[in-house]
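Structure first, commentary second.
Chain A is the first sequence line, chain B the second, and so forth, proteins listed ahead of strands; every chain is numbered from 1.
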There are 2 protein chains.
Amino acid sequence: MVVDQSSLTDAEVDRIFRALADATRRDIVRRTLLGEASVSELATAYAMSFAAVQKHVAVLEGAGLVTKQARGRERIVTADPDRIAQARQLLTALEELWRARFGQLDAVLADPPTAPRSPAGPGPTPDPTT
Amino acid sequence: MVVDQSSLTDAEVDRIFRALADATRRDIVRRTLLGEASVSELATAYAMSFAAVQKHVAVLEGAGLVTKQARGRERIVTADPDRIAQARQLLTALEELWRARFGQLDAVLADPPTAPRSPAGPGPTPDPTT
DNA sequence: GTAACGTACAACCACATGGTTGTAGATCAG
DNA sequence: CTGATCTACAACCATGTGGTTGTACGTTAC
């Protein structure tokens with residue numbers, strides 16, 4: 001019932017999910033959710049070059065999942081929980097869409113005289129040839 | 001509170017989010033959540049070749065987001081809402097991780113009999129010794 | 001000032017991805 | 001059987017991705 005005003009472009013959603021489709025980046029999100037960390041601090045945690053971690057952070061930043069702020073010569077990375085919530089909301093919306101498939105149930109309850117139909121949807125009649 | 005035993009590999013999570021990082025594939029998931037559809041039926045909905053849609057379905061299938069079942073010469077595609085729920089749960093876990101940053105408040109409320117943990121401090125003193 | 005540190009960025013490489021076309025095999029309709 | 005449909009799969013191409021190394025520049029420490 002919560003009408004979510006996502007206002008996310010397809011391209012933005014692409015970037016968000018793509019950014020999350022990497023274990024290193026998910027771990028960076030975890031760490032920066034728990035507490036801010038500089039890029040170099042993050043880099044020490046992974047078996048890859050500093051530049052590689054830098055790129056991962058850039059991908060996360062491009063997806064809006066983290067933000068960078070300058071502090072002296074360091075760049076402090078902080079995760080944005082709202083962005084994650086938006087992503088989660090997208091998945092929740094999908095699940096609710098699925099629920100709507102059986103949601104004729106509500107219609108049935110509101111419309112008793114209707115014959116109990118199978119939730120096969122607006123497709124052709126199921127033809128089990130097996 | 002509900003301890004979800006996802007038991008998802010990093011590689012699996014990668015595949016799930018990567019599969020969701022494409023507008024066409026997300027739309028296929030939507031359609032097949034609402035009702036089953038053959039690959040050729042899906043293909044008519046997009047401005048690309050049948051083979052391209054076939055590949056998208058294969059990516060979704062590889063991620064476990066949809067399943068294919070043979071029906072005559074057609075392959076019926078059906079989305080798996082459980083898989084989507086798993087993905088959502090991963091994001092929820094991240095958000096809860098963030099909440100933990102602001103104190104064991106929830107932990108205290110949800111875990112009364114346990115001895116009071118040492119106040120890890122909600123301040124910016126992260127020391128994630130993995 | 002000099003050296004070390006943290007970052008940015010470019011160039012490069014191997015490989016995956018998203019698309020195409022083409023060919024071939026099953027299956028349904030006539 | 002013949003033809004149309006649906007699918008599978010291979011080959012190919014352009015582009016993106018994840019990693020590397022190297023260089024340059026601002027900032028901190030001494």
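Under the salt bridge (Lys or Arg N to Asp or Glu O under 4.0 Å) criterion, B:R75 pairs with no residue at all, not counting sequence neighbours. Under the side-chain contact (heavy atoms from CB on, under 4.5 Å) criterion, B:R30 pairs with A:L94, A:L97, B:R26, B:D27, not counting sequence neighbours.
Phosphate proximity of C:dT7 to A:S40: present, with a side-chain N or O under 4.0 Å from OP1 or OP2. Distances shown here put every side-chain N or O of A:R75 at or beyond 4.0 Å from the OP1 or OP2 atom of C:dG6.
At whole-Å resolution of the value, CD in A:E41 and P in C:dC5 are 15 Å apart. What separates CD of A:Q54 from P of D:dC25 is a distance of 16 Å, to the nearest Å. Remark: P of D:dC9 and NZ of B:K68 are 8 Å apart, rounded to the nearest angstrom. Rounded to an integer number of Å, the gap from A:I76 CD1 to D:dT27 C1' is 13 Å. Computed from coordinates, the B:L60 CG to C:dT17 P distance equals 13 Å when rounded to whole Å. Atoms CZ (B:F17) and P (D:dT17) sit 18 Å apart, rounded to a whole Å.
Judged by distance alone, the side chain of B:E41 and the main-chain N or O of B:S38 form a donor-acceptor pair under 3.5 Å.
Atom CD1 of A:I76 sits about 10.5 Å away from atom OG1 of A:T67, to the nearest 0.5 Å. Distance check, rounded to the nearest 0.5 Å: CZ of A:F17 to CG of A:L90 gives 5.0 Å.
Rounded to 10 degrees, the angle between the two end axes of the helix from C:dG1-D:dC30 to C:dG30-D:dC1 is 30°, with five pairs used at each end.
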For residues 55-66 of chain B, which side-chain donor-acceptor pairs fall under 3.5 Å, sequence neighbours excluded?
residue : atom : partner : partner atom : Å
B:H56   : ND1  : B:R25   : NH1          : 3.2

Contact string for nucleotides 18-27 of chain C, one letter per nucleotide 5' to 3', B = base within protein heavy-atom range under 4.0 Å, S = sugar-phosphate only, - = neither, reads SBBB-----B

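When side chains are defined from C-beta on, B:F50 does not count as touching B:T44, because their heavy atoms never get closer than 4.5 Å.
Residue pairs meeting the salt bridge (charged side-chain N to carboxylate O under 4.0 Å, His left out) criterion with at least one member in residues 76-85 of chain A, sequence neighbours excluded, are A:E12-A:R83.
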Evaluate A:I28 against A:Y46 for side chain to side chain contact (heavy atoms under 4.5 Å, CB included), listing each step before the verdict. CA-CA 10 Å; A:I28 291 177; A:Y46 310 105; 3.5 Å; yes

